[in-house]
Amino acid sequence: MKSRVTWDRPIEFIFSLLGYMVGLGNLWRFSYLCFRNGGGAFLIPYLLSVAVFGLPMYIFEIAIGQFTQRGKLNAWDRIPLMKGYGYGCIVMTTMSIVPYMLVMAWGIIYLYHSFTTHDLPWTVCDNAWNTEPCIAYNGWVSHTKYSDTSLAQAQFWRYYVLRLANNRNDFYGGFNWPMLICLAISYLSIIAITIKGIKSSGKVVYVTATFPYVMIMVLLIRGLTLEGALKGISTLLIPKFAELAKAQVWIDAASQVLYTYAIGFASLTTFASYNHFNNNFYRQALILVPVGAFTSVLMGLMTFSYLGHMAAMQGVEIDKILKTGPGLIFQVIPLGFSMLPFPQLWSVLFFVMFFFVAVDSVFSDFDALVSTITDIFPKLKLTRGRKILTNLGLGLFLFSISCSLLSNSGIYIFEFIFYYGASGIILLLLAFFESISVGWLWDVDQFAADVKRMTGDQLSVWFKLSYRYFIPVITSSIFLFYCVKWTPLKVADYTYPVWANVLGWALSLLSLLWIPGVFIYVLMNGRGSIKQVIIEISKKQTHRSQYILYKMHGAELPLHCDAILSCIVIISSIV
C-alpha cells in the first residue's frame with residue numbers, strides 16, 4: 001500500500017473525475033439517447049436516477065478504492081462473497097473499451113478533414129461518396145422535407161465514415177481503411193498516456209476537463225439564435241408522458257447515469273485508490289455529481305437547439321429529421337460549424353476537444369485494466385519494461401477486436417456490443433448487486449463508520465436507505481419491467497433477429513455469471529455449514545476493517561438471516 005503511486009494534489013483527482021464525467025458519456029451518448037427516447041420523457045427518469053442511486057453509488061465506488069488502496073478487482077477482497085462483482089466489472093469494462101475506441105477514431109477522422117482551406121467535406125455534395133439527391137445546408141429550401149439520408153452531413157457520416165453501401169459507388173461498402181489508421185492512432189495515444197501514468201495525466205486533465213465547456217457554450221449560444229431553436233429546447237424540456245410507459249426509456253436513463261459516473265466500471269475505484277487515505281471524497285462527490293448532471297443537460301440543450309432549427313427549416317417534427325443512433329452528434333455538430341465564421345477553425349477546435357475528451361474517458365478504463373492486471377501479477381510492475389509490455393499487450397488485444405467494427409456492417413456490431421456488453425440492463429443488474437453488497441454484506445452502518453474515519457463526515461441517512469432498500473428495489477423493478485416489455489434490439493430500421501438477441505444475453509452473462517459463481521465458490525470452500533462460513537467471512541471482514549487498515553475497535557458486522565443471503569444466491573443463479 002505504501003508503494004502505490006498517488007495523486008500529487010487532490011485537485012488532480014477532482015479534475016480527473018470531472019474529465020471523465022465531461023466525457024463521451026455526456027458529449028456523445030446523452031444527446032442521442034435523449035433524441036431516441038422522446039427528449040423530456042428521458043430527462044425525468046434520468047434526473048431521478050441521479051438522485052436515487054447515481055450519487056450514493058458514486059460515493060461507494062470512490063470509497064472502496066480509497067479505503068483499500070487497490071484497483072477494482074482487489075478492492076472487492078473487502079467483501080469476499082461478492083468479489084465476483086469485481087470480476088464482472090472488469091469484463092464489462094474490457095467490452096466497453098472496444099466501441100469507445102471506435103468513437104474516438106470517428107472524432108479523429110473528422111479532425112483530419114477539418115484541416116482544409118476548402119469547404120468542409122460534410123458541407124458540400126461534390127465528393128465521391130455523395131449520391132444524386134444530396135443537399136447541402138446552404139441549398140436548403142425552407143419548409144421542404146428532405147430525406148434523412150440526403151443531407152450532406154448525413155451522407156458523410158453514412159457513406160464515408162461508416163462506409164455503408166450506396167447505389168453510386170460500391171467501393172464505399174468495403175473495409176474502412178481510413179478508419180483503421182484512425183483506430184490505430186487512438187490506441188497508440190491511450191497506450192502512450194497510460195505508460196506515463198497518473199503523474200502526467202493528472203496535469204493534462206486541467207485542460208481536458210474545462211475546455212469542453214467553452215466549446216459547448218459557443219455552439220449553444222449560436223444555436224439559440226437560430227430559427228426554431230426554442231422548438232428544439234421545448235422538445236427536450238417538456239416531456240411526453242406516454243413515453244414513460246416504455247421500459248427502454250427507464251433502462252436507457254438509468255444506465256446513462258451509471259455510464260456518466262462510471263458506476264460499475266473499473267476506472268472510478270482505480271482512480272480513488274491513488275488517493276491518500278484521508279482525502280475527503282465525500283464532499284467532492286456532493287459537488288461533482290450535480291455538475292455531471294448539469295453538463296448532460298447543457299449538452300442536450302446545445303444539440304436540440306440545432307435539431308429544432310433543422311425541423312423548422314424543413315417544416316417537420318424533430319423526430320423525423322435524422323435517424324437516431326450513435327452518429328447523431330456527428331451529424332448535428334457539423335451543421336453548427338457551417339453557421340459560424342471560419343467554420344474550419346471551429347471544427348478543428350471542437351474535434352481536438354473531442355479527442356481529449358475521448359482520451360479522458362478511455363484512459364480511465366484502460367488504466368484501470370492495466371492496474372488490475374498488475375495487481376494480480378505484481379511482477380509486471382517491477383520494471384518499466386514490463387509495464388510497457390503489459391500496456392502494449394492489452395492494447396494489441398483490444399485493437400484486434402476493434403478491427404471487427406470496420407466493415408460495412410460494423411455499426412451493427414458496435415451497437416450490439418455496446419447494448420449487451422457495456423450498457424443497458426447489464427449496468428442495472430450490476431448496480432443491484434453492488435447495492436446489496438454495501439447495504440447488507442459490508443453493512444451500511446459499518447460502511448458509514450468507515451466513511452467517517454476517512455473523511456470526518458457523517459454519511460447521510462438518505463444514502464443508507466438507498467444502499468439497503470431504494471437501489472435494490474428500483475433496479476430490480478426496472479429489470480422486471482424490462483422483461484415484461486422486452487422487444488428485440490433495433491438500430492434505425494434494422495431489427496436484430498432472435499438468435500442475435502440470444503447471443504447478446506450470452507454476452508451479458510460473461511459479466512454477470514461471475515457474481516453467483518464466486519459467491520457459490522466462497523461458500524463451498526469454507527469450513528463447516530453455509531451459516532458457519534458466512535459467520536466466519538463476516539468476522540474476517542470486520543477484523544480486516546478494524547485492525548489491518550486503521551486499527552479501529554467497535555461492533556462486529558451484524559449477521560443477517562440466511563433467508564436474505566439465500567435469496568441473493570437464487571436471484572444471482574436465475575440471472
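Please read all numbers here as calculations on a predicted model, not as lab measurements.
- Using cut-offs of 30° and 60° for the angle between ring planes, the Trp442 and Phe67 rings count as tilted.
- With a 4.5 Å cut-off on side-chain heavy atoms, Leu268 and Ile62 count as touching.
- Donor-acceptor pairing under 3.5 Å is lacking for the side chains of Gln69 and Ser273.
- Counting only heavy atoms from C-beta outward, the side chains of Leu503 and Phe416 approach each other to under 4.5 Å.
- Shortest non-hydrogen contact noted between Leu328 and Ser31 is CD2-O, 3.9 Å.
- For the ring-ring contact (aromatic ring centres under 6.0 Å, His included) with Phe470, the qualifying choice from Phe463, Trp462, Phe432 is Trp462, the only one to do so.
- When each of Tyr419, Tyr46, Phe265 is paired with Tyr259, the ring-ring contact (aromatic ring centres under 6.0 Å, His included) condition holds for Phe265 and for no other.
- Listed for the Tyr261 side chain is a donor-acceptor partner under 3.5 Å among the backbone atoms of Val289.
- In this pair, Tyr467 and Phe447 present their aromatic rings perpendicular. The plane angle is above 60°, beyond the 30 to 60° band.
- Under a 4.0 Å N-O distance rule, the pair Lys464/Asp443 does not qualify as a salt bridge.
- Counting all heavy atoms, side chain and backbone alike, Thr210 lies closest to Phe15 at CG2-CE2, 3.7 Å.
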Review point. Please walk me through it: do Gln66 and Asn278 pass side chain to side chain donor-acceptor pair (under 3.5 Å)?
Key: CA-CA 8 Å; Gln66 185 169 309; Asn278 295 114; over 6 Å; no
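- Side-chain contact between Leu428 and Tyr482 is absent, with no heavy-atom pair separated by less than 4.5 Å.
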Practice item. Kindly indicate, with the supporting measurements, whether the criterion salt bridge (charged side-chain N to carboxylate O under 4.0 Å, His left out) is fulfilled by Glu243 and Lys240. Key: CA-CA 6 Å; Glu243 295 290 324; Lys240 297 177 181 178; 6.0 Å; no
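- Nearest heavy-atom pair across Ser511 and Val91 is OG-CG1, 3.5 Å.
- At least one side-chain heavy atom of Phe13 sits under 4.5 Å from a side-chain heavy atom of Phe271.
- Contact annotation: the side chain of Lys72 approaches that of Tyr85 to within less than 4.5 Å [non-hydrogen atoms, C-beta and beyond].
- Counting heavy atoms from C-beta outward, Met353 and Val214 have side chains that stay 4.5 Å or more apart.
- A salt bridge is defined here as a Lys NZ or Arg NE, NH1 or NH2 lying under 4.0 Å from an Asp or Glu carboxylate O, and Arg36 with Asp252 meets this definition.
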Exercise for review: Go through the steps to decide whether Asp77 and Arg70 satisfy the test salt bridge (charged side-chain N to carboxylate O under 4.0 Å, His left out), and finish with yes or no.
Suggested key: CA-CA 9 Å; Asp77 285 337; Arg70 290 290 181 264; over 6 Å; no
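- Evaluated for a side chain to side chain contact (heavy atoms under 4.5 Å, CB included) with Met101, the options Ile190, Leu405, Ile401 yield exactly one hit, Ile190.
- Residue Tyr87 forms a ring-ring contact (aromatic ring centres under 6.0 Å, His included) with just one option from Tyr521, Trp514, Trp76, Phe519, and that option is Trp514.
- With salt bridges taken as basic N to acidic carboxylate O contacts below 4.0 Å, none links Lys452 and Asp457.
- Proximity of a side-chain donor or acceptor of Ser96 to a complementary backbone N or O of Thr93 within less than 3.5 Å is detected.
- How far CG of Leu398 is from CE of Met95: 12.0 Å, rounded to the nearest 0.5 Å.
- For the pair Trp28 (side chain) and Val103 (backbone), a donor-acceptor distance under 3.5 Å is absent.
- Looking at Arg9 and Glu12, a side-chain N of the basic residue comes within less than 4.0 Å of a carboxylate O on the acidic one, giving a salt bridge.
- In this structure a side-chain-to-backbone donor-acceptor pair under 3.5 Å is missing from Ser49 to Val257.
- Counting all heavy atoms, side chain and backbone alike, Val249 lies closest to Ala41 at CG1-O, 3.7 Å.
- A distance-only check finds no donor-acceptor pair linking the side chain of Ser371 to the backbone of Asp367 [under 3.5 Å].
- When side chains are defined from C-beta on, Leu55 counts as touching Leu286, because their heavy atoms get closer than 4.5 Å.
- Proximity of the aromatic rings of Phe42 and Trp250 is defined here by a centroid distance below 6.0 angstrom, and this criterion is not met.
- Counting heavy atoms from C-beta on, the side chains of Ser460 and Tyr282 come closer than 4.5 Å.
- The two residues Gly264 and Cys89 have their closest heavy-atom pair at O-SG, 3.0 Å.
- Open room surrounds CZ on Phe397; 12 or fewer heavy atoms of other groups in view lie less than 6.0 Å from it.
- Across all non-hydrogen atoms, the minimal contact from Pro10 to Gln284 is CB-NE2, 4.3 Å.
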